[in-house]
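Report on the structure given below.
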Amino acid sequence: MPELPEVETIVRGLAGTIVGKQIERAVIRLAKIAIAPPGVAFSKALRGERITGTRRRGKYAIVDLVSGRSLVTGLRMTGRLVVQKPGEEDFPGTHVVLWFTDGSRLSFADLRTFGRMRLVEPAEVWDRDLGIEPFSSGFTPGAFMSMLAGRTTPIKALLLDQRRIAGIGNIYACEALWEARIRPSRPAKALTKPAIRRLHLAIVDVLQRAIALRGTSVDDYVDAAGLRGGFQNILSVYGRLGQPCVRCGSPVVRTVLGQRGTWWCRRCQR
DNA sequence: CTGAGATCCTGGGGGC
DNA sequence: TGCCCCCAGGATCTCA
């Protein structure tokens, strides 16, 4: 499932390949995937557009267009955003294809069809409900501390809440909590000041290390060039049920927290 | 405000 | 072996 590091990797890949290209036509194969503002026809609006840049917000990949409009893609669990050369075959579940004038194309594929590609107007505020970016200057230990203050919700559920911090998903929530030695079920308000500092550091650290390895491919994730990430090889707890904790040797356990699988170490996460 | 539960989908795993 | 059932999982919406 693409989280911040995966989307960052995708967006960086797109920056090097599609910026400057012109869209000849946009083909929608599954209507519900492509969303446009009222009165705007998705395909028609994209015809002739030029790509001016790519960026990321939370887990969303953004492709900026010369008109000032943007394409905002949420990949959810199985979404893929891949640039393909002429003659290359479609990925299974390809729902939207942007054909460029040079014969290459940007494809959005999603087997489970949970993802969406949204055309956004120049002045449209689409990210009102998204929280702070973990790499922004505003994400300080102090800001994180006040975010947790008074909250009874389990710390892991809070990390997954995109309205508070944008970009953390199940994999990196588990990994950051392990790195900070914090039990996922602890009420947010019960974290000590040193624990909050450790977790703040761990969040930034784990996301940065994952970006350096071009993301985690546990199932479907591939980058814009169709390549898998590398962070799955150094996961500490996620998906490692029964395997020894790499820090203390105690077997990794799996519990369910907020309807999500949660992997952690009983001995070193308190 | 906060949390719980349903919803959307499909591949793949488990059970028989 | 083969088939059927069931379920994970991110964001969003409804309901309590």
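Naming convention: chains lettered A, B, ... in sequence-line order (proteins, then strands); numbering from 1 in each chain. Keep in mind that the numbers below use all heavy atoms, side chains included, and drop hydrogens, waters and symmetry copies.
- Look at A/T78 and you won't find any side-chain N or O under 4.0 angstrom from OP1 or OP2 of C/dG10.
- Atom C1' of nucleotide C/dG10 and atom CG of A/D161 are separated by 12 Å, given to the nearest angstrom.
- Of the listed nucleotides (C/dA11, B/dG5, B/dG3), C/dA11 has the atom at the smallest distance from the side chain of A/Q162.
- Taking atom CG on A/L30 and atom P on B/dC8, their separation rounds to 15 Å, with Å as the unit.
- Residue A/G261 is classed as a sugar-phosphate contact, given heavy-atom separations below 4.0 Å to backbone atoms only.
- No side-chain N or O of A/Y221 forms a donor-acceptor pair with one of A/E3 less than 3.5 Å apart.
- Side-chain proximity of A/Y60 to C/dA11, B/dT10, C/dG10: nearest is C/dA11.
- Checking C/dA8, C/dG10, B/dG3 against every side-chain atom of A/K59, the shortest atom distance belongs to C/dG10.
- Among the atoms of the strands shown, only primed sugar atoms or phosphate atoms (P, OP1, OP2) are found under 4.0 Å from some heavy atom of A/N170.
- To the nearest angstrom, P of C/dA11 lies 14 Å from CD1 of A/I35.
- Here the C1' atom of nucleotide C/dG10 and the CZ atom of A/R163 are 13 Å apart, to the nearest Å.
- The distance from atom CZ of A/R164 to atom P of B/dC1 is 10 Å, rounded to the nearest whole Å.
- A close approach under 4.0 Å does not occur between any side-chain nitrogen or oxygen of A/R76 and OP1 or OP2 of C/dG9.
- Atom pair A/I171:CD1 and C/dG10:C1' shows a separation of 12 Å (rounding to whole Å applied).
- Side-chain contact of A/S67 with A/E49: a donor-acceptor pair under 3.5 Å is present, judged by distance alone.
- Heavy-atom nearest nucleotides on DNA chain B were determined for A/T153 and for A/L111, and the one closer to the 5' end corresponds to A/T153.
- When heavy atoms are screened at a 4.0 angstrom cut-off, A/R118 is found touching no nucleic acid atom at all.
- A/R151 comes within contact range of the sugar-phosphate backbone alone, with a heavy-atom separation under 4.0 Å but no base atom that close.
- Taking the six-membered ring for Trp and thresholds of 30 and 60 degrees, A/F144 and A/H200 have ring planes inclined between 30 and 60 degrees apart.
- Rounded to a whole Å, the CG atom of A/L159 is 17 Å from the P atom of C/dG9.
- Listed candidates were B/dT10, B/dT2, C/dA11. Nearest to the side chain of A/R112 is B/dT10.
- Between the CG atom of A/L160 and the P atom of B/dT2 there is a distance of 16 Å, given to the nearest Å.
- Counting all heavy atoms, side chain and backbone alike, A/I132 lies closest to A/M147 at CG2-CE, 4.0 Å.
- Which of B/dT2, B/dG5, C/dG9 sits closest to the side chain of A/Y238 comes down to C/dG9.
- Partner of A/V7 under the side-chain contact (heavy atoms from CB on, under 4.5 Å) criterion, out of A/L4, A/T9, A/V11: A/V11 alone.
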